[in-house]
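Below, read A as the first sequence line, B as the second, and so on, with proteins coming before strands; counting in each chain starts at 1. What you see is a predicted model, and the numbers here were worked out from it, not measured in a lab. Computed from heavy atoms alone, side chains included, the values below leave out hydrogens, waters and symmetry copies.
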Amino acid sequence: MKRILDLTLGIVTSIGGFLEAGSIITAVQAGAVFGYKLLWTIALGTLGLMLLVEQSGRLAAVTGRTVGDALRERFGINFFIIPLVTGLLVSFLVLASEIGGVSLALQMATGISFQWWAMPVAFAGWFLLWKGNFGVVEKGSSLLGLVTIVFIVAALKLHPDWGRVGAGLLPTSPDHDGPRYWYLAVSIIGASISPYLYMFYSSGAVEDGWGTDDLSTNKATAVIGMSFGGVLSAAVLIIAALVFLPRGIQVDRYEQAGLLLPPVLGHTGFVLFLASLGIACFGATTEITLAMAYLLAQGLGWDWSENAKPKQNARFSLMYTVTILLAGVVMAAGIDPLKLTNFSMMLTAASLPVTVIPMFVLMNDEALVGEHRNRWFSNAALGVLSIVTIVVLFSAVPLQILGGS
Amino acid sequence: MTARECRVELLIGRRVVDASGEVVGRLEEIVADYVDDEYVVREFHVGAFAALERLGTGIFGRSLLRLIGGGRIYTGYIVPWRHMDLSDPEHPRVTVAKSELRRIGETPGPRSSARPAAQRRSRRSA
Amino acid sequence: MHDLLDKVVLDEGRRNVGRVDGVVLELRPGAAPVVSAFEIGGRVWARRLHGRIARWAVAFGRRWPALGNGVTRFAMRDVRTIGITVSVKRDGRPTPALAWENWLREHVISRIPGA
Amino acid sequence: MKRCRRVIGWITLPLLIACGGNDPSAQVERAGSWAATTRELAIERRVGAIGRAYTSDMLDAGRREVQKVAQSLKPSDLPETLRARVPAAVGRLDSVIASTASAVQRGDAVALGAAAADANALGDTLRILRAALRVK
């Protein structure tokens, strides 16, 4: 029975965790301009995430070490300092754009500008971390995240032409707006494979005390959970392709996304869109803040359990307090949420090699993971993924310049 | 600092030269044994990444080396403690010619620092 | 040395004291060197990165002595086990490694309700 | 020092140029997108599917974006035949958005219907103009 409960919670977590400001907004922009053409990037991103989540979960279950621990212990501080610094920097920008997502959902509902909502949202996120423990954060935000299923309902209601949807799953090059196409493709990959997700997942696995008998749960959670998350953002893209593209609406401002569901589900569509954007981003806010605190604490050897009272690990709790409130200040300063979200997704994609390639070495180190090390399939898949992330890294700056606005 | 001390973490990754000044490789591992309540150094492992020699010691160079070199799959030399001169920790020197050193993997001895994470071995290597 | 460097250090109360940031070799004339102790501290791992960062760490330490993470040294005699983590037979709380953990607890964290 | 300068260059470069280019056909496309958005806002507001605060906020934002488009459209960029028609269409769009906004304030369903029709017509005009621009 425990196994089934773990499985369902795992899947629920990945739904809540997967969909956030980045994946929603990039999918809406992609659908509005290129129709189904960019679906393949969501598929690629979801497969990549599945791979990394499964492996970081296996690492945690077999060795009791999180990704953060393993990066420091295996490669020493000389290498670890790079994923640490890039990870914290990039996650901070993503965190600010998540707070932006929640604040904008509140702005669309109330008319009060998102800048006023930024600090209350950051404070609410901090309060949940300060009072709640890991279970509350993980399960709470994911259960609420279930409301994001409205996207699947809406997508089905629009009866998409499944043949062309399938065609969208094949990598194609665009016939117009080349740079914008590839900029969105990279942003979507960055939105799907976010390092904080598998760092958070491996820390959760260690905190829940996973052992080698949880490997099957781990595999199922990774595959089912992440694919469900992938289907959700694909649904968002499909709706944008069927609602915005024919009407010629391109998303230049974040709030335009609010028009996504009303034409399909009327007022309930509008309310549910705000609810799912707000809740998914709020869940991501707490998860990213924790993931950043985990990364730093694990890297430097502090106590880091979220289950403990804040007093028991002062530096860890101070870290997440400062991080979330600072990110709130960034959003309160009124930075354009759409540009920040796109930019942070692009930066996430560009920072992937720093965590994906070491996973290659970690998961093949017999001394570390013993016979649970990668089989040829995971190695081949991780190899392809590493190549993709390196290509993305080198294309990031030119794409930001050409396709950036 | 009592007697004469040097720091392992600053030694690791340093370029090691032999008696004639020829480059042996980079210091990758120090094996010590737990002998009557003391961790006594038995040997040093100098990894010879011929291709990566020029990476240099910048942050990026050393970290890339750690990423690749950190593995156990390297070729290199075993330098018994007697032959390693650490008087200048910045430039460790081998007191004999490179040719006299045993290559890693040649002798059937236990793999130098493979230490199965879980079990504890009788002769603990630190 | 890969079994020691960068490993998490647990004190007798199984509290995280920090990570093995540095390991000390004692050179004895005519005899094999001995691993005499290991050290924990921001200044220790900063030195492994680059001279300039090490200097910043020292400067940071001097400006905020309370937060300044001095260097904590544990003799190898105090080590109980070396496995996935390194456990020592001493209490970690009074050491500099946890200095600013304690400082933060008294002066900052416990002031916020619900800590 | 050389390495630092290169690193700083890498970081500031994208931030500086992130605002994107402003070739005329892209600007007209943006205007067309806002015409379509205005039409959608009018239709959805008329059936009460979206909130009043949200609609008026969006229309204000729309006007600011359209005014930005108007400023960035320099006559020299436009071909001879379109030099007059494009700014005129963008100007009309600005006034349609304004009238939609006031219809929303008054809650006048009929005016909203008319505004939606105007926005729709403007959307088509802008699409034709954009096609003409792309051909050049």
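Most heavy-atom pairs under 4.5 Å with chain C: of the set A/Gly64, A/Ala297, A/Ala314, this distinction falls to A/Ala314. Contacts with chain C were tallied for A/Phe316, A/Trp304, A/Trp130; A/Trp130 has the most, counting heavy-atom pairs under 4.5 Å.
Residues A/Arg58 and A/Met363 come closest through the heavy atom pair NH1-CE, 3.7 Å.
If you measure heavy-atom distances from C/Asn102 to chain A, you find no contacts under 4.5 Å at all. With a 4.5 angstrom heavy-atom cutoff, C/Val9 does not touch chain A via any of its atoms. Interface remark: C/Val8 contributes backbone and side-chain atoms alike to the contact with chain A (heavy atom separation under 4.5 Å).
Aromatic ring pairs are classed by plane angle as parallel below 30°, tilted from 30° to 60° and perpendicular above 60°; the pair A/Trp126 and A/Phe123 is tilted.
A salt bridge is absent between A/Arg74 and C/Asp6; no separation between the charged side-chain nitrogens and carboxylate oxygens falls under 4.0 Å.
Not one N or O on the side chain of C/Glu26 forms a donor-acceptor pair closer than 3.5 Å with the backbone of C/Ser36.
For C/Phe38 and C/Phe74, the ring centers sit closer than 6.0 Å to each other.
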